[in-house]
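Below is one structure; the comments refer to it alone.
Side-chain atoms are counted along with the backbone in the values below, which use heavy atoms only and exclude waters and symmetry mates. Since this is a predicted model, take the numbers as computed values, not measurements. By convention in this document, chain letters (A, B, ...) are assigned in the order of the sequence lines, proteins followed by strands, and residues within each chain are numbered from 1.
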There are 2 protein chains.
Amino acid sequence: MATISDVATRAGVSTATVSRALNGKSTVDPELAARVLAAADELGYRPNGPARNLRRQETAVLALIISDVENPFFTAISRGVEDVAHEAGYSVVLCNSDDEPDKEREYVDVALQERVAGVLISPAGAGDSAEVLRAHNTPVVALDRRLEGSLGDTVLVDNQLAAREATLHLRAQGYRRIGCLTGPSGVLTADDRLAGYHDGLAEAGLTASSSLERRSEFKAAGAKDAARSLLTQDEPPDALLVANNAMAIGVLEMMAELGLRAGRDIGVVAFDDAPWATLLDPPLTVVAQPAYDMGSAGAQLLLSRIGGDHSEPTTTTLSAHLVGRGSSSKG
Amino acid sequence: MATISDVATRAGVSTATVSRALNGKSTVDPELAARVLAAADELGYRPNGPARNLRRQETAVLALIISDVENPFFTAISRGVEDVAHEAGYSVVLCNSDDEPDKEREYVDVALQERVAGVLISPAGAGDSAEVLRAHNTPVVALDRRLEGSLGDTVLVDNQLAAREATLHLRAQGYRRIGCLTGPSGVLTADDRLAGYHDGLAEAGLTASSSLERRSEFKAAGAKDAARSLLTQDEPPDALLVANNAMAIGVLEMMAELGLRAGRDIGVVAFDDAPWATLLDPPLTVVAQPAYDMGSAGAQLLLSRIGGDHSEPTTTTLSAHLVGRGSSSKG
DNA sequence: GTGAAAGCGCTAACAA
DNA sequence: TTGTTAGCGCTTTCAC
């Protein structure tokens, strides 16, 4: 592949001039610049990225470490990140941690090796993997979940408030034994949603009971089992707050198996909106999260850190909103 | 950040020995190796990726250029790619072309600059952007769609066969005016599915009619409009073959608006399975595509090209299978 | 405005 | 087995 000196030779100038002409840094004689451009074009020249990165001691690459590309919530985040990054001339490397701390560490190592300019991460469970990034002066932004310590900017959704609101909504719709199915203990979003549910119960004058609460992975399969145990007990709940979209699928599957209809038999509200939510009968009431905005806000914060902003780490809290549909209405 | 010579100094050896000890290439005295490892650990040393890549003239990175991370079909592909790549020690950079040739070119340029080891691409419309890759000796594998010319290995699904099968299935279920809603003209998958639909009609002894066919983007919004025009004409179809998942959402939305029930009023089969397909009433009959397998097969092919396999480009055709559910049954 | 030359951090001959 | 050294391709002083 053609190098900068091939271009220089062909244009009859020095490599320095080629570099200057191609990067538009310093001013170059228009005629020479034209010759350089022509030569580069004829040779199909592409600057060697690794060489440039080595010399410049920086790369225009961000790493985005999420738990699962197949989760629409995270793909929406990644869109937000990518749009902002792309706009600023940065590329984004997407990494799936599968919520496993080991895999997360591995990707953090890769990010460090490749000297990415910054990292956006939705940390898996007990993750101190961000510390090593900070130790090497790589800016980090946490998305959706908090980092241990306050090592970088954080962008969160106010899950607790949203869960409280959803619970009150169910109460207002006439449900009285409201249950909750949330994610694994120790995962911030799961715990916050449960806490908000408790807030809502208290405010509605309902008493919490562990028999109305279950935890499972943020996946359909686990949620289905949990829903069975919840719904087949002696005094089952008459409504359910479900902590994510995939879990909602498991819950609805189980309800179908048990012959229970959403809304009429069991009120249902789930986190995360989805294009198919309106196709269900009845349509699914959801808590819509601003996933795209989380991504774009996080990317913006990261870019400004990369740009040299050394002020105190910030926490941005975005709010989710309830979208009422038939699954939370008895009528 | 610590460099290889920091490690060398600390361990009291040369940089060459550090390199050898860390890469396990040549054999190093165990005692020295231990000293090197210790020194590297103490300094938190991470090899400088760009420097290594520059020196080695190669990177362990693949680029995957798809049209949309938010499309579950492509995320499944990306999982397949990533699992295989990761296993082999490669990283994957995901790029969204949004099916725009310009954006696709841009990413191809980036891939070239960064000297990625190879590229997997699901080419947008009329894409010659792969040619430039071949011109620079970067291996390319086409996924889901064919490349102009035969520039690299190709992994496809037999869409035509699958569409034919789906059409015959609808006929067997008693539908007689079967319509088809496919993607943009010029997109291989869209055209193949339409062709397969024609095959099926012919085989079932039904006559094709342009009044039963529509095209739109592979998105819900366009499909919804197309469905309206299809279903509100004088002699509307009594069944519909829909060319992808997102479009199916648009179609089902329109059917709901028109008060049409899937199965009983209009038989529906859509490409791409989805976890929510079984939650619909009636559940959606789909053509399930082996997306994960496409990704993993493509990655395997690419890796073997990177490894120096210069044999003739191959075409791998995977088959999709029909999953019959209630939306294609009158009962 | 332009060129010569140094050097980013690493690996791979080549010597010892 | 180990060290010395050259050089990957680029950008950036520093002279001119």
Side-chain angles (χ1 to χ4, degrees), chain A residues 1-37 39-40 43-61 89 109-110 112-117 136-138, chain B residues 1-37 39-40 43-61 89 109-110 112-117 136-138:
Chain A
M1 207 175 297
T3 73
I4 197 172
S5 50
D6 297 333
V7 178
T9 306
R10 183 163 190 122
V13 297
S14 73
T15 60
T17 299
V18 174
S19 175
R20 284 189 281 251
L22 259 30
N23 294 301
K25 289 282 176 187
S26 171
T27 160
V28 179
D29 182 282
E31 198 223 323
L32 285 194
R35 283 210 328 252
V36 168
L37 252 44
L43 293 170
Y45 170 72
R46 319 271 156 163
N48 183 308
R52 162 183 283 172
N53 294 337
L54 173 58
R55 173 62 229 231
R56 288 201 180 151
Q57 298 285 71
E58 66 182 34
T59 60
V61 177
D109 268 352
V110 173
L112 235 24
Q113 284 209 184
E114 296 308 320
R115 305 298 197 259
V116 300
H136 289 83
N137 293 316
T138 302
Chain B
M1 206 174 300
T3 73
I4 197 171
S5 49
D6 296 333
V7 178
T9 307
R10 182 161 191 126
V13 297
S14 73
T15 59
T17 298
V18 174
S19 174
R20 284 189 282 250
L22 261 30
N23 293 301
K25 289 282 178 188
S26 173
T27 161
V28 179
D29 183 279
E31 199 224 323
L32 285 194
R35 287 218 314 262
V36 168
L37 252 44
L43 293 169
Y45 170 72
R46 317 272 155 163
N48 183 309
R52 163 183 281 173
N53 294 338
L54 172 58
R55 173 62 231 228
R56 287 201 181 151
Q57 297 285 71
E58 66 182 37
T59 60
V61 177
D109 267 351
V110 173
L112 235 25
Q113 283 209 183
E114 295 308 320
R115 305 300 197 257
V116 300
H136 290 83
N137 293 316
T138 302

Look at the side chain of [X] and decide which nucleotide, out of [options], has an atom nearest to it.
X: A:R55; options: C:dC10, C:dG3, D:dT11; answer: D:dT11
X: B:T3; options: C:dC8, C:dC10, D:dT11; answer: C:dC10
X: B:I4; options: C:dC10, D:dG9, D:dT4; answer: C:dC10
X: A:T17; options: C:dG3, D:dG3, D:dC10; answer: C:dG3
X: A:A16; options: D:dC10, C:dT2, D:dT12; answer: D:dT12
X: B:S26; options: D:dT11, D:dG3, D:dT2; answer: D:dT2
X: B:D29; options: D:dT2, C:dG9, C:dG3; answer: D:dT2

Mind calculating the distance between [atom1] ([X]) and [atom2] ([N]) to the nearest angstrom?
X: A:R52; N: D:dC8; atom1: CZ; atom2: C1'; value: 16 Å
X: B:E114; N: D:dC10; atom1: CD; atom2: P; value: 12 Å
X: B:R56; N: D:dG7; atom1: CZ; atom2: C1'; value: 16 Å
X: A:M1; N: D:dG9; atom1: CE; atom2: P; value: 10 Å
X: B:K25; N: C:dC10; atom1: NZ; atom2: P; value: 16 Å
X: A:E58; N: C:dG9; atom1: CD; atom2: P; value: 14 Å
X: A:N53; N: D:dC8; atom1: CG; atom2: P; value: 18 Å
X: A:L54; N: C:dC10; atom1: CG; atom2: C1'; value: 8 Å

Taken to the nearest 0.5 Å, the spacing of A:T59 OG1 from A:L54 CG works out to 12.0 Å
I'd like to know if A:R20 reaches the base of C:dG3 with its side chain, counting only an N/O donor and acceptor under 3.5 Å.
yes
On DNA chain D, more 5' by nearest nucleotide between A:P47 and B:T27 is B:T27
- Query: Any side-chain heavy atom of A:V13 sitting closer than 4.5 Å to one from A:V18?
  - Reply: yes
Any side-chain to backbone donor/acceptor pair from B:D29 onto B:E31? Under 3.5 Å, distance only.
yes
**Asked** Is there a donor-acceptor contact under 3.5 Å from the side chain of A:S19 to the main chain of A:T15?
**Response** no
When all nucleic acid strands are considered with a 4.0 Å heavy-atom cut-off, which category describes A:N23: base, sugar-phosphate, or nothing?
sugar-phosphate
Classify B:P50 by what it touches in the nucleic acid, base, sugar-phosphate, or nothing, heavy-atom distance under 4.0 Å. nothing
Residues passing the side chain to side chain contact (heavy atoms under 4.5 Å, CB included) test with B:S26, sequence neighbours excluded, are B:R20
*Please check the phosphate of D:dG7 (OP1 and OP2 only) for any side-chain N or O of B:Q57 closer than 4.0 Å.*
no
